[in-house]
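As structure tokens, the structure follows; a few thoughts come after it.
Just follow the structure's listing: the first ligand is 1, and inside any ligand the first atom is 1. Nothing here was measured: the structure is a model prediction, and the numbers come from that model.
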Amino acid sequence: MMGKVQLPVQKNQIIDVIFEDLTHDGNGVAKVDGYPLFIANGLPGEKAKVKVTKLNKGYGFAKIMEIYEQSRYRVTPECPIYEECGGCQLQHLSYEGQLKAKEKQVRDVMQRIGKIEDVMIHPVLGMENPWRYRNKSQVPIGEREGGLIGGFYRQRTHDIIDMKECLIQVEENDHVLKEVKEICGKFGVKPYDEKSHKGLLRHVMARYGKISGETMIVLITRTAELPNRKKIVAELVEAIPNLKSIVQNVNSKRTNVIFGNETKVLWGRETITDYIGDIQFAISARSFYQVNPEQTKVLYDQALQYAELTGEESVIDAYCGIGTISLFLAQKAKKVYGVEIVPEAIDDANRNAELNGMDNVEFTVGEAEVIIPNWYKEGIEADVLVVDPPRKGCDQALLDTIIQMKPKKMVYVSCNPATLARDLRILEDGGYKTLEVQPVDMFPMTNHVECVAKLELRSV
Ligand code: SAH
């Protein structure tokens, strides 16, 4: 029989360590005889006394007792609830340090997962002012001493940390959340309770057009009935400047998924508008819209540059959302085909094409991995193919089709470097070469990093 594996540390042991690295989720990593310990709040280069809290076969966890030597990139977090809230992970790291860490993260996965050696990875494009950038706030609602509370969950729990202000959020959204809590609380709206599956108000979403100044509120409820609806609406309209839309979404399921399938306008319009560059967008409650419009412009400009359009090209934009990238590309392409799974987003995309007087775009609802193979069979081909998938990356069926279709150029926009690296490996094996990767910091203070990669078909 195999004996118990002897680990170099024991539970509750107190040891001195030097942090070597930062994980993609913002934890420090220190190694004891090669055995990695993940330790919250540690930064590379720091020396600390830690206590071992949990041991697994291949790795363990510890917590910091004392930091002997601080990183020169360590700063005091600006936010008063940073330690409790799970929303940001990197406020203890200076912004310069964050950009360096994100670049390293991208380099690491390109090597480790993508096995891509000779690719140009540029330094991360950061923000001049990395605060108050988010245009969308979406928080679960709970209750304390009779009043409604709302805010992010404490890390790895479902305890709500009441949030009065969020420093990465536009101030307008702080105000919306405050008013919704007060007004809904006053009219006896009960928060949804996950355990008993009772109560009403599950989440509140506020979306603000940074250029247009328009605001939308979405109340996500368990049942369609909203007591005192008229009074609540009237008071919200009174309290929130430039409010253009109040929407209710009903989600009656026991689920972590935020939105349900039923959406109705309680007051005002179905959409708010905003601009990225010169292009205007109508955005409805259910549609994905980039949360950092300033950096989105930076990202899309890069994507457009990588696409090297001359006006003659046929372009496919997979995972197109409300057509943001599609319309950017359509300014310079002959024809753009967009595909997206959420029907409301495609309604928005069509509206947006019209709004901007663009008639060289065509949008289709469906799964990219189903629609694009069909297009290929029908003879629709692309000179340039752009993908911007969700965190899980591209579906294998889509990658297979791309490899058969052989568009000369590809632009891969990604919010998850690990799945980007995985998919680039598949595309490299299928005949593509990754030329450049440009990381863009769309989410300062958090552990997320967005990338845009340029690929070319190798000549045969
Ligand atoms: N390019 C857009 C949206 C990117 S987010 C923008 O920059 O704004 C990813 C989008 O992919 C979301 O809108 C999501 O609804 C959509 N999506 C998710 N799975 C999909 C699939 N299998 N096929 C097509 N679209 C999908």
Side-chain angles (χ1 to χ4, degrees), residues 134-136 138 207 209-210 249 257-259 261 263 271-277 279-304 306-307 315-331 333 336-353 356 361-376 384-402 410-416 419-420 423 438 440 442-443 448-453:
R134 276 188 71 101
N135 59 9
K136 184 179 92 166
Q138 184 171 280
R207 207 177 235 168
K210 269 191 152 178
N249 174 271
V257 175
I258 295 178
F259 282 95
N261 289 328
T263 306
T271 58
I272 56 166
T273 50
D274 198 26
Y275 293 82
I276 301 173
I279 304 178
Q280 191 183 357
F281 294 100
I283 310 144
S284 59
R286 293 299 310 280
S287 295
F288 174 89
Y289 181 62
Q290 296 284 358
V291 297
N292 184 340
E294 199 179 322
Q295 289 297 85
T296 300
K297 170 85 168 59
V298 174
L299 182 77
Y300 290 178
D301 281 341
Q302 190 63 64
L304 191 59
Y306 282 170
V315 182
I316 290 178
D317 179 18
Y319 309 90
C320 70
I322 63 172
T324 35
I325 297 180
S326 315
L327 297 189
F328 245 69
L329 297 165
Q331 301 175 101
V336 179
Y337 299 88
V339 52
E340 156 66 43
I341 202 168
V342 175
E344 288 93 335
I346 289 294
D347 291 343
D348 287 352
N350 283 317
R351 211 173 315 187
N352 291 333
N356 294 283
V361 281
E362 202 174 304
F363 294 107
T364 305
V365 182
E367 292 172 311
E369 60 272 25
V370 174
I371 302 292
I372 295 174
N374 285 344
W375 284 346
Y376 180 52
V384 181
L385 196 143
V386 180
V387 296
D388 182 9
R391 291 191 61 75
K392 66 174 188 230
C394 291
D395 193 276
Q396 182 68 45
L398 175 62
L399 295 171
D400 290 343
T401 305
I402 294 171
M410 269 195 73
V411 178
Y412 193 135
V413 181
S414 160
C415 56
N416 183 349
T419 55
L420 171 67
D423 291 352
Q438 175 63 66
V440 178
M442 303 275 274
F443 315 101
H448 296 286
V449 58
E450 191 94 7
C451 289
V452 50

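For Glu294, there are no salt bridge (Lys or Arg N to Asp or Glu O under 4.0 Å) partners, not counting sequence neighbours. Remark: Asp423 engages Tyr412 in a side-chain hydrogen bond (donor to acceptor under 3.5 Å, both in side chains) (not counting sequence neighbours).
Against a heavy-atom cut-off of under 4.0 Å, Glu367 is close to the following atoms of ligand 1: 23 (N). Which parts of ligand 1 touch Val342 is read off a 4.0 Å heavy-atom cut-off, strictly below it: atoms 15 (O). Listed by number with element, the atoms of ligand 1 under 4.0 angstrom from any heavy atom of Phe288 are 3 (C), 4 (C), 5 (S), 6 (C), 8 (O), 13 (O). Distances below 4.0 Å separate heavy atoms of Gly366 from the following atoms of ligand 1: 23 (N), 24 (C).
At the top of the distance list for atom 18 (C) of ligand 1, counting protein heavy atoms only, stands Pro390 CG, 3.6 Å. The nearest protein atom to atom 7 (O) of ligand 1, hydrogens excluded, is given as Tyr300 OH, 2.4 Å; this is a heavy-atom distance. Residue, atom and distance of the protein heavy atom nearest to atom 26 (C) of ligand 1 are Tyr319 CD2, 3.4 Å. Regarding atom 4 (C) of ligand 1, its nearest protein heavy-atom neighbour is Asp388 OD2, 3.2 Å. Among protein heavy atoms, the minimum distance from atom 13 (O) of ligand 1 is reached at Glu340 OE1, 2.7 Å. Among protein heavy atoms, atom 22 (N) of ligand 1 sits closest to Glu369 OE1, 3.1 Å. Considering only non-hydrogen protein atoms, atom 23 (N) of ligand 1 sits nearest to Ala368 N, 2.9 Å.
Proximity of Tyr289 to ligand 1 is not established, as no heavy-atom distance is less than 4.0 Å. Within the structure, the closest approach of Cys415 to ligand 1 does not fall below 4.0 Å when heavy atoms are considered. Under a 4.0 Å heavy-atom criterion, Thr324 is in contact with ligand 1.
With Asn135 contributing its side chain and Lys210 its backbone, the two residues share no donor-acceptor pair below 3.5 Å. Side-chain N or O atoms of Glu369 include none that pairs as donor or acceptor with a backbone N or O of Leu398 at under 3.5 Å. Counting only distance, with no hydrogens or angles, the side chain of Arg391 and the backbone of Cys415 share a donor-acceptor pair below 3.5 Å.
For Phe328, no heavy-atom contact with ligand 1 is shorter than 4.0 Å. If you look at Ala345 next to ligand 1, there are no close heavy atoms at all, none under 4.0 Å. Both the backbone and the side chain of Ile341 come within 4.0 Å of ligand 1, judged by heavy-atom distances.
For the pair Arg207 and Ile272, the tightest heavy-atom approach, listed with the atom from each and the gap, is O-CD1, 3.6 Å. Summarising the geometry of Gln280 relative to Asn352, their closest heavy-atom pair is O-OD1, 4.1 Å, with the distance given to 0.1 Å. Of all non-hydrogen atoms in Ile372 and Ala318, the two that sit nearest each other are CD1-CB, 3.7 Å. Pairing each heavy atom of Leu299 with each of Met442, the nearest pair is CD2-CE, 4.0 Å. In terms of heavy atoms, Ser326 sits closest to Cys320 at OG-CB, 3.6 Å.
Taking distance alone, with nitrogen or oxygen atoms compared against 3.5 Å, Asp317 stays at or beyond that limit from ligand 1.
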Next on the checklist: Determine whether Asp347 and Arg351 satisfy the following criterion, salt bridge (Lys or Arg N to Asp or Glu O under 4.0 Å), listing intermediate values before the conclusion.
Outcome noted: CA-CA 6 Å; Asp347 291 343; Arg351 211 173 315 187; 5.3 Å; no

